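Following: one structure in structure tokens, then a few remarks.
Predicted model only: the values in this text are computed from it and were never measured. Each chain gets a letter, A, B and so on, in the order the sequences are listed, and its residues count up from 1.
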Amino acid sequence: MADSKALTTREADFSAWYNDLIQRAQLADYSPVRGCMVIRPNGYAIWEQMQRALDDMFKATGHQNAYFPLFIPQSFLAREAEHVEGFAPETAVVTHGGGKELEEPLVVRPTSETIIYAMFAKWIQSWRDLPVLMNQWCNVVRWEMRTRLFLRTTEFLWQEGHTAHATEPEAQAETLEILGIYRRFMEEWMAMPVLTGLKTESEKFAGALKTYSCEALMQDNKALQAGTSHHLGQNFAKAFEVQFQTKEGGLDYVWSTSWGVSTRMIGGLIMTHGDDRGMVCPPRLAQWQVVVIPIWRSDEEQAVTCEAARTLVAELSAAGIRATADTRDGIKPGAKYFEWEARGAPLRLELGPRDLAAGTAMMARRTGGKEPIPMDGIAARLRDELDAMQQALLDAAIARREANSLRGPKSKEEFIAFLEGDGGFVYAGFCGDPLVEAEIKAATKATIRCIPDEEFRSAEQPTTCIWTGRPATVEAVWAKAY
RNA sequence: CGGGGCGUGGCGCAGUCCGGUAGCGCGUCCGCUUUGGGAGCGGAAGGCCCCGGGUUCGAAUCCCGGCGCCCCGACCA
């Protein structure tokens with residue numbers, strides 16, 4: 001990688017391409033601790049952009065940030081039966097502190113429901129205290145058997161929202177509102193189209209009543225679950241005695257939700273837009289939307305073009321465009337082009353003596369195309385280019401997903417052939433039997449990604465189960481998944 | 001946890017079969033020339049050859065035992 005100048009191509013080995021790209025773009029690196037990753041500045045900058053956008057959306061819908069501790073008493077996890085069953089096998093446990101064995105071991109949070117509900121129980125007494133709309137940005141640890149940078153690491157960064165409501169419909173509405181926010185973020189910021197829908201019983205969060213998810217299709221036609229929103233019912237409220245006095249004077253358990261997205265989204269970003277030259281970062285999430293590269297021959301030209309580049313950067317920054325100038329000496333312009341392309345910078349402006357004389361800059365798009373543009377009114381022009389690129393990336397990703405989706409296979413054989421071939425999303429009838437779901441998974445390696453929300457459903461709804469021929473209760477979407 | 005691959009200067013690798021005092025490319029540092037798509041020449045630094053035992057006059061190489069990482073599966077955001 002440091003040596004071979006070209007990345008492994010996606011076609012040759014998608015998995016190797018993904019790993020190469022992350023190294024080349026300096027997004028992350030392997031840590032001395034197995035399964036953990038170091039997020040490098042280029043990668044962390046993307047996470048910060050993501051955080052900012054999502055945090056604004058959460059705040060705009062009345063949520064507040066808080067912070068709960070990393071350590072959770074082991075007994076807390078055990079209070080909700082399904083929850084403990086789901087998470088116990090993958091927790092890290094601290095048994096010693098200050099050189100002594102602890103009286104009760106502490107679990108490093110795999111998610112924070114338990115400690116949060118323990119606190120909610122103290123804070124919530126009356127219907128007047130509701131709803132509680134809370135979020136936290138933090139790290140969590142899940143002891144995974146097999147890890148991949150960004151997609152699945154032992155420790156990862158995420159946000160987890162936790163809300164408590166007086167009624168079931170309010171909790172349901174919250175669950176869906178967040179799902180909508182996630183979807184909007186993924187489409188409008190990441191330019192990554194997602195299918196939203198309900199998870200089946202076997203795929204839902206341990207302890208939830210219902211789980212909804214955002215499912216994206218990667219370039220290798222595997223699905224990525226990019227975000228989840230859970231309606232927890234009164235399960236945790238009952239386990240942690242989160243009760244409140246109702247308006248009518250009675251006593252009831254709160255209805256709650258939880259929801260999260262993680263640094264996994266960065267993996268989704270890579271596998272949605274990346275190409276054989278490297279990362280392609282949608283403008284709205286790019287650390288640097290425009291990179292100015294001065295070009296010179298003599299010392300005098302160097303001084304002039306670098307100065308012009310800095311002036312241009314200042315002008316663009318003033319116009320709200322994230323721009324930087326790469327004035328490094330001793331590296332030829334071509335080398336800089338390759339480097340910034342690998343990092344996914346949306347636009348590059350080459351600024352040399354010829355351009356300065358002509359009052360233009362040579363603009364190159366990361367998505368292809370290079371042309372001179374006038375310096376006059378350049379900020380407005382670049383703003384338009386960035387907006388157009390943002391939209392074009394989304395359009396292309398939607399087109400790719402649709403080209404790799406199969407609706408209404410005529411037979412079980414066609415269904416299997418699709419999944420065993422190039423793959424992608426396949427929409428088909430399902431009888432709702434968990435045993436059938438498991439059988440399909442065993443036979444095809446594909447899982448039900450979700451039971452799609454209304455707008456994603458096929459115009460013609462299937463009437464029979466693709467596997468058993470029995471009457472279909474729903475239309476489901478299958479795919480092999482990360 | 002099963003299957004496969006691999007641990008050798010910062011990175012990628014050769015050398016291992018057949019033991020003989022460690023090499024190549026890239027990167028790094030210095031100098032000069034360069035700079036519109038990955039620069040050239042000259043010089044330099046940098047290595048408990050994953051760890052521990054054993055065999056041998058001698059081990060990167062052979063034997064035994066560990067550890068770690070990557071990839072592919074089973075389980076999971």
**Request:** Please work out which of the three classes, parallel, tilted or perpendicular, describes the rings of F205(A) and H230(A), given edges at 30° and 60°.
**Result:** parallel
**Message:** Assess, by modelled atom type and distance only, whether the side chains of S258(A) and E113(A) contain a donor and an acceptor separated by less than 3.5 Å.
**Reply:** yes
**Message:** In whole Å, I'd like the distance from the CD atom of Q23(A) to the C1' atom of G10(B).
**Reply:** 13 Å
**Message:** Taking only the C1' atom of each, what is the distance from C51(B) to U8(B) in whole angstrom?
**Reply:** 14 Å
**Nearest-neighbour nucleotide for the K445(A) side chain, A77(B), G38(B), A74(B) considered** = A74(B)
**Message:** I'd like to know if D275(A) and R366(A) make a salt bridge, using a cut-off of under 4.0 Å between side-chain N and carboxylate O.
**Reply:** yes
**Prompt:** Does U61(B) have a Watson-Crick or wobble partner in any strand here, with both distances under 3.5 angstrom, and which is it?
**Reply:** none
**Message:** What I want to check is whether the side chains of K210(A) and Q172(A) have a donor and an acceptor closer together than 3.5 Å.
**Reply:** yes
**Whole-Å C1' distance, U28(B) and C63(B)** = 40 Å
**Message:** The side chain of I295(A) is closest to which nucleotide in this list: G37(B), A77(B), G36(B)?
**Reply:** G36(B)
**Complete:** Separation of G37(B) atom C1' from R354(A) atom CZ, nearest Å, is 13 Å
**Asked** Has the side chain of R277(A) got a donor or acceptor that lies under 3.5 Å from a partner of the other kind on the base of G38(B)?
**Response** no
**Prompt:** How far does the P atom of U61(B) sit from the matching atom of G52(B), given to the nearest Å?
**Reply:** 12 Å
**Request:** Grab the CG-P distance between L151(A) and C72(B) for me, whole Å please.
**Result:** 11 Å
**Prompt:** Is G2(B) paired to anything, Watson-Crick or G-U wobble with both distances less than 3.5 Å, and if yes, which nucleotide?
**Reply:** C72(B)
**Prompt:** What integer distance in Å separates W296(A):CH2 from U35(B):C1'?
**Reply:** 7 Å
**Message:** Measure NZ/K480(A) against C1'/G73(B) and give the value in whole Å, please.
**Reply:** 12 Å
**Prompt:** Would Y337(A) count as stacked on G37(B) if the rule is ring centres under 5.5 Å and plane angle under 30°?
**Reply:** no
**Request:** Describe the nucleic acid contact of F156(A) in one word from base, sugar-phosphate, nothing, applying a heavy-atom distance below 4.0 Å.
**Result:** base
**Message:** Any base atoms under 4.0 Å from E341(A), or only sugar-phosphate, or nothing? Heavy atoms, all strands.
**Reply:** base
**Message:** Between R343(A) and Q26(A), do the side chains contain a donor N or O and an acceptor N or O under 3.5 Å apart?
**Reply:** no
**Item:** Gap in Å between the two P atoms, one belonging to C13(B) and one to C6(B), rounded
**Value:** 11 Å
**Prompt:** How long is the line joining CH2 of W158(A) and P of A77(B), in whole Å?
**Reply:** 10 Å
**Message:** Need the pair for G46(B). Rule: Watson-Crick or G-U wobble, both distances under 3.5 Å, any strand; none if unpaired.
**Reply:** none
**Message:** Classify S15(A) by what it touches in the nucleic acid, base, sugar-phosphate, or nothing, heavy-atom distance under 4.0 Å.
**Reply:** sugar-phosphate
**Request:** Would you kindly give the CD-to-C1' distance between E203(A) and A77(B), to the nearest whole Å?
**Result:** 11 Å
**Item:** Integer-rounded Å distance: U35(B) C1' and I331(A) CD1
**Value:** 11 Å
